[in-house]
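Working notes, structure below.
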Amino acid sequence: MQADICVVGAGFTGLGVALELLSKGYSVIVLEAQTVGFGASGRSGGQIASGFSPGMVAVDKMLGASVAKSLWAFSENSKEILNSRIQTYGIECDLREGELYVAPKLSHSEWLQQEKKYCEDHFGYEGYSWINKDELRGLMASTRYIAGLHDREGGHLHPLNYTLGLAKAVLAAGGTIFENSAALSVDKGKQVRVSTKEGTVQASALVLAGNAYLDAFDLGQRKNILCVGSGILATEPLGEERAKKLISTTACICDTYFDLDYFKITPDTRLVFGGQDMALFPFSEGRDRIKRNMLRTFPSLGGVKIDYCWTGKIAATRKLLPEIKRLEPNVYVVHGYSGQGVVLSAVASQIVAEAIDGDLARLDVFENIHHAAIPQNKMLIKPIIYTKLLWEKINDAL
């Protein structure tokens, strides 16, 4: 088949790129190895955060105040794009406002306060509110945390339903999505030719949007990302009364540990609780670790039934900032959201579409961010991960 653009990956990014390009008059074919939302887009916690994973103070130190300001503007724009897509296409995805970051100890509390002050002073951000210990006790039935930072402009959604909504919008706009059609190889040139088991797509440009799920399709884009796992549990329905006693806010909650936990109450009153790096542990063991942390956070759930559990992979870079760049003049890659893919994929998909359409201004900001390579050899990477996790766990414990 022939199209102006071929996109590999039917998740937040790939479908977002397709939508943006279709609105500009391009023809688009999306190839998906499994089904829409099979990867992190359908399996995440659905959190919508402000800023970037390392925090804006760290971004300033790494890249300078000017780049930090540009990235913050992109992040704010991303929230606008996401909300606009949900409204424009009528996507039913349980969108709720608010994200609450909770600190387990004083040093983490001080870090959150620094982030709040930095964003207020440098960006004029007014979305953060400080939550002291007594106020936090009124919001959640846990003694594990001592303070929190509430982001009124953050939020959360049902990630798979959001992804399916984007897919419907792509189809309605005239795009084509082929599921169960893994990209196997590509011939590069002025026209790229992507081969699958059942056929080929020829296009003027190629966008790789498979994030951590392009293991067998490496055009050199994987060298700067580390694919790690995350697992999530969902309890049985708790009922309105019990759920509100457990967590009275409709915000999603995320702690500040390096090996973080994140959780929320769903509209059907389940507690969804996620976390732990699954790269080092079989999921059966990881699931037990997540449940132990859930009970450590909420001891009153000792007898609760776990109805669902699932795992998936995310991609992270060493700077914990997404990588958005051209591998070739007409081959683009977007990945490495480092836990912020729900929201940042919205602006990233728009930036790539702009670049394909000839406007490289915002892409240049990301292409000027240097991402150091990460060893891909499994014999090398596992000891590195163990050492890093051990060091961060020691820091978390201090």
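For clarity, every value in this text was computed on a predicted model and none was experimentally measured.
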Checking side chain to side chain contact (heavy atoms under 4.5 Å, CB included) for the pair R326/L363: CA distance, chi angles, key distance, verdict?
CA-CA 9 Å; R326 290 166 293 181; L363 179 68; 3.9 Å; yes
[atom1] ([X]) with more than 12 external heavy atoms under 6.0 Å:
X    : atom1 : answer
K168 : NZ    : no
R242 : CZ    : yes
E97  : CD    : no
Q2   : CD    : yes

Is [Y] close to [X] at the side-chain level, that is, under 4.5 Å between some pair of heavy atoms?
X    : Y    : value
E135 : S129 : no
Y332 : V17  : no
L246 : L301 : yes
F52  : S75  : yes
M1   : F178 : yes
D307 : K305 : yes
M294 : I306 : yes
V207 : I356 : yes

Can you check whether [Y]'s main-chain N or O pairs, donor with acceptor, with [X]'s side chain at less than 3.5 Å?
X    : Y    : result
S338 : G336 : yes
E240 : T269 : no
D359 : A361 : yes
D357 : A353 : no
T88  : S84  : yes
S44  : S41  : no
S181 : A33  : no
N77  : A73  : no
T35  : F38  : no
S142 : T297 : yes

Could you walk me through whether T13 and Y337 satisfy the side-chain hydrogen bond (donor to acceptor under 3.5 Å, both in side chains) test, starting with their C-alpha distance in whole Å, then the side-chain angles of each, then the deciding distance to 0.1 Å, before giving a yes or no?
CA-CA 10 Å; T13 303; Y337 293 110; 2.6 Å; yes
Find the distance between [atom1] ([X]) and [atom2] ([Y]) and round it off to the nearest 0.5 Å.
X    : Y    : atom1 : atom2 : result
I314 : Q340 : CD1   : CD    : 10.0 Å
N224 : K319 : CG    : NZ    : 9.5 Å
L31  : E198 : CG    : CD    : 12.0 Å
L71  : E76  : CG    : CD    : 12.5 Å
S195 : Q202 : OG    : CD    : 10.5 Å
I29  : I177 : CD1   : CD1   : 11.5 Å

Which atom of [X] lies closest to which atom of [Y], heavy atoms considered:
X    : Y    : value
S109 : W130 : OG-CZ2, 3.3 Å
R270 : T235 : NH1-O, 3.0 Å
V102 : P104 : O-CD, 3.9 Å
V67  : L63  : CG2-O, 3.6 Å
E115 : M56  : OE1-N, 2.9 Å
G275 : I290 : O-CD1, 3.4 Å

Decide whether D4 and S204 meet the rule of one side-chain donor and one side-chain acceptor closer than 3.5 Å.
no
Does any donor atom in the side chain of Y128 or S50 lie under 3.5 Å from an acceptor atom in the other side chain?
no
Output yes when K245 and E241 qualify as a salt bridge under the 4.0 Å nitrogen-oxygen rule, no when they do not.
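Here K245 pairs with E241 in a salt bridge, since their nearest N and O are under 4.0 Å apart.
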In a check of side chain to side chain contact (heavy atoms under 4.5 Å, CB included) between L136 and each of T143, I146, L100, which one passes?
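Per the side chain to side chain contact (heavy atoms under 4.5 Å, CB included) rule, the option paired with L136 is L100, out of T143, I146, L100.
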Parallel, tilted or perpendicular: which describes the rings of Y118 and F123, with under 30° parallel and over 60° perpendicular?
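Plane angle over 60°, so perpendicular.
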Taking the inter-plane angle between the rings of F366 and F74 on a 0 to 90° scale, is it parallel (under 30°), tilted (30 to 60°) or perpendicular (over 60°)?
parallel
Hey, any chance [X] and [Y] share a hydrophobic cluster, counting ILVMFWY side chains that come within less than 4.5 Å of each other, even indirectly?
X    : Y    : value
L260 : L321 : no
L157 : I253 : no
F12  : V30  : yes
L208 : Y213 : no
W111 : L320 : no

Exactly one of Q221, H335, H371 should register a side chain to side chain donor-acceptor pair (under 3.5 Å) with E323. Which one does?
H335
Please test V304 against E236 for side chain to side chain contact (heavy atoms under 4.5 Å, CB included), starting from the C-alpha separation and ending with a verdict.
CA-CA 7 Å; V304 75; E236 63 185 329; 3.6 Å; yes
Should the pair R144 and F298 be classed as cation-pi, given the thresholds of under 6.0 Å to the six-membered ring centre and 45° from the axis?
no
So L166 and R85, side chain to side chain contact (heavy atoms under 4.5 Å, CB included) or not? Walk me through it.
CA-CA 8 Å; L166 291 179; R85 286 175 178 171; 4.1 Å; yes
Before you tell me yes or no, could you show the steps for E99 and K264 under salt bridge (charged side-chain N to carboxylate O under 4.0 Å, His left out), namely the whole-Å CA-CA distance, both residues' side-chain angles and the distance that decides it to 0.1 Å?
CA-CA 10 Å; E99 178 162 27; K264 65 181 180 181; over 6 Å; no
Begin with the C-alpha distance, continue with both residues' side-chain angles, and end with the deciding distance and a verdict on side chain to side chain contact (heavy atoms under 4.5 Å, CB included) for I48 and L95.
CA-CA 10 Å; I48 301 166; L95 177 65; 3.7 Å; yes
